[in-house]
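Okay, so here's the structure we're looking at.
Within every chain, numbering begins at 1; the chains are lettered A, B, ... in the order of the sequence lines, protein sequences first and strands thereafter.
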There are 2 protein chains.
Amino acid sequence: MSIDVGARLRSVRTTFGLSQRELARRAGVTNGLISLIEQNRVSPSISSLKKVLDGVPMPLAEFFTMDLSVAPQAFFGADELVELGNPEVSLRLVAAQRAGRQLTILHERYAAGAATGEEMLAHRGEEAGVVIRGRIELTVGGASRVLGPGEAYYFASQLPHRFRNVGREACEIISACTPATF
Amino acid sequence: MSIDVGARLRSVRTTFGLSQRELARRAGVTNGLISLIEQNRVSPSISSLKKVLDGVPMPLAEFFTMDLSVAPQAFFGADELVELGNPEVSLRLVAAQRAGRQLTILHERYAAGAATGEEMLAHRGEEAGVVIRGRIELTVGGASRVLGPGEAYYFASQLPHRFRNVGREACEIISACTPATF
DNA sequence: TCATGGTGTTTAATATCCTAGACAATCAGG
DNA sequence: CCTGATTGTCTAGGATATTAAACACCATGA
């Protein structure tokens with residue numbers, strides 16, 4: 001097997017922040033099978049692999065097509081932004097190397113302690129933004145991180161996500177979404 | 001299984017002109033397995049499906065990606081050519097709707113009884129052409145057809161193919177290939 | 001008419017996948 | 001130090017994929 005099915009499955013599962021048991025429950029298989037597949041101890045049948053991917057969900061074609069080497073970078077440090085402009089007009093791009101972006105800019109403001117709600121959001125499109133002032137906790141899939149001024153984010157909105165202002169002052173973000181959901 | 005693995009496999013096998021036994025021999029599996037898979041009597045494991053596709057050869061990603069509805073049209077009737085030009089300059093395109101073409105035009109001439117050889121040709125690139133005079137027998141994969149003046153062909157050169165002049169007069173073809181193999 | 005060689009299909013036995021359940025390790029409170 | 005709830009891993013047994021071999025069918029020719 002030149003193609004590493006186990007690594008691919010583990011990659012999609014962790015990207016979506018699911019445990020083996022949670023994915024197994026959604027897919028209607030056992031957690032043991034997920035474990036065995038991810039360790040390449042078995043070579044799953046097409047039907048069972050399809051059942052597993054239906055729990056994400058992800059089509060079979062995308063599973064084999066997806067590029068494992070380009071990990072979907074969701075967080076960017078202040079120095080990871082691409083500086084495009086000149087000293088007068090400074091353009092700092094987030095995820096500039098990512099192809100197929102179609103974003104619209106927003107200006108958000110979170111009061112101290114505010115959040116997008118208890119439930120995780122998940123919808124079509126993409127989201128990106130830069131924190132201007134204050135601190136905000138962002139959860140994307142299984143990962144979570146507190147972002148401060150100058151730091152940024154970029155992720156696919158279908159990944160479950162949530163914003164929460166964990167600081168004492170208001171937080172401002174220059175954000176963007178696609179398509180024009182707001 | 002919403003995805004019809006059996007139909008996909010049968011499609012690629014017949015497209016390449018292989019019998020179940022011949023494909024099984026190349027893949028290192030049994031002909032019975034090919035039969036069962038094509039009838040959807042079993043759902044093959046990833047490893048065995050990969051072995052089968054290695055016999056073609058075709059990568060797993062392409063197997064699941066390929067569009068089953070758009071059968072690779074290899075033959076075009078005289079009225080299936082796309083007329084582009086005006087009454088003064090007439091451009092009749094072969095496979096005009098196919099994307100990613102990169103062809104170079106040739107003018108071939110086959111004497112009566114001549115052929116490209118006993119062995120089937122198979123190489124990278126694409127081939128296309130229009131018969132101007134005479135009649136020529138063209139075999140592509142498992143299919144074979146005699147083309148006369150005004151008829152045309154278009155196929156991927158990796159499919160085994162052969163030209164043979166089955167008529168009594170010379171045959172002329174306006175053909176093309178890519179990349180510049182000749 | 002009887003071979004011979006090709007095709008795809010079917011069947012009993014074997015190899016492999018898959019499940020159910022138990023196991024150990026980790027973490028969070030009480 | 002517990003208890004309870006996570007996590008991923010492992011194992012025995014039932015379910016399923018896969019093999020090897022036979023079967024039936026259709027050609028082409030002697």
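The shortest distance between side-chain heavy atoms of B:Q39 and B:I37 does not fall below 4.5 Å. The closest side-chain heavy-atom distance from B:R8 to B:F63 is below 4.5 Å. Contact of the A:V146 side chain with the A:I136 side chain is not registered, since no non-hydrogen atoms from C-beta on lie closer than 4.5 Å. Taking the side chain as every heavy atom from C-beta outward, B:R135 and B:E169 never approach each other to under 4.5 Å.
With rounding to whole Å, B:I46 atom CD1 is found 9 Å from C:dC18 atom P. The distance between atom CZ of A:R25 and atom P of C:dA20, rounded to the nearest whole Å, is 15 Å. Following rounding to the nearest Å, B:I34 (CD1) and C:dT7 (P) show an atom-to-atom distance of 13 Å. Nucleotide D:dG8 holds its P atom 14 Å from the CG atom of A:L33, rounded to whole Å. Here the P atom of nucleotide D:dT9 and the CG atom of A:N40 are 12 Å apart, to the nearest Å. Here C:dT9 presents its P atom at 13 Å from CG of B:L23, a figure rounded to the nearest Å. Atom CG of B:L9 and atom P of C:dG8 are 11 Å apart (whole Å). As a whole-Å value, the separation of B:L49 CG from C:dT16 C1' is 16 Å.
For A:S35, the listed nucleotide lying nearest its side chain is D:dT9; candidates were D:dT9, C:dT9, C:dT19. You'll find that the side chain of A:R10 is closest to D:dT9, out of D:dT9, C:dC17, C:dC18.
For D:dG8, the OP1/OP2 oxygens have a side-chain nitrogen or oxygen of A:R13 closer than 4.0 Å. Between A:Q20 and D:dT7, a side-chain N or O to OP1/OP2 separation shorter than 4.0 Å is absent. Between B:R41 and C:dT10, a side-chain N or O to OP1/OP2 separation shorter than 4.0 Å is present. Put simply, B:R21 has no side-chain N or O that comes within less than 4.0 Å of OP1 or OP2 on D:dA21.
When heavy atoms are screened at a 4.0 angstrom cut-off, A:T30 is found touching base atoms of the nucleic acid. Contact annotation for A:Q39: backbone-only contact, meaning every heavy-atom pair under 4.0 Å involves sugar-phosphate atoms and none involves a base. Within 4.0 Å of B:S19, counting heavy atoms only, lie sugar-phosphate atoms of the nucleic acid but no base atom.
Two residues, A:S45 and B:L36, neighbour DNA chain C, and the one matched to the more 5' nucleotide by heavy-atom proximity is B:L36. Comparing B:N31 and B:P44 against DNA chain D, the residue whose closest nucleotide sits nearer the 5' end is B:P44.
Checking side-chain atoms of A:N165 against main-chain N and O of A:A111 turns up a donor-acceptor pair under 3.5 Å.
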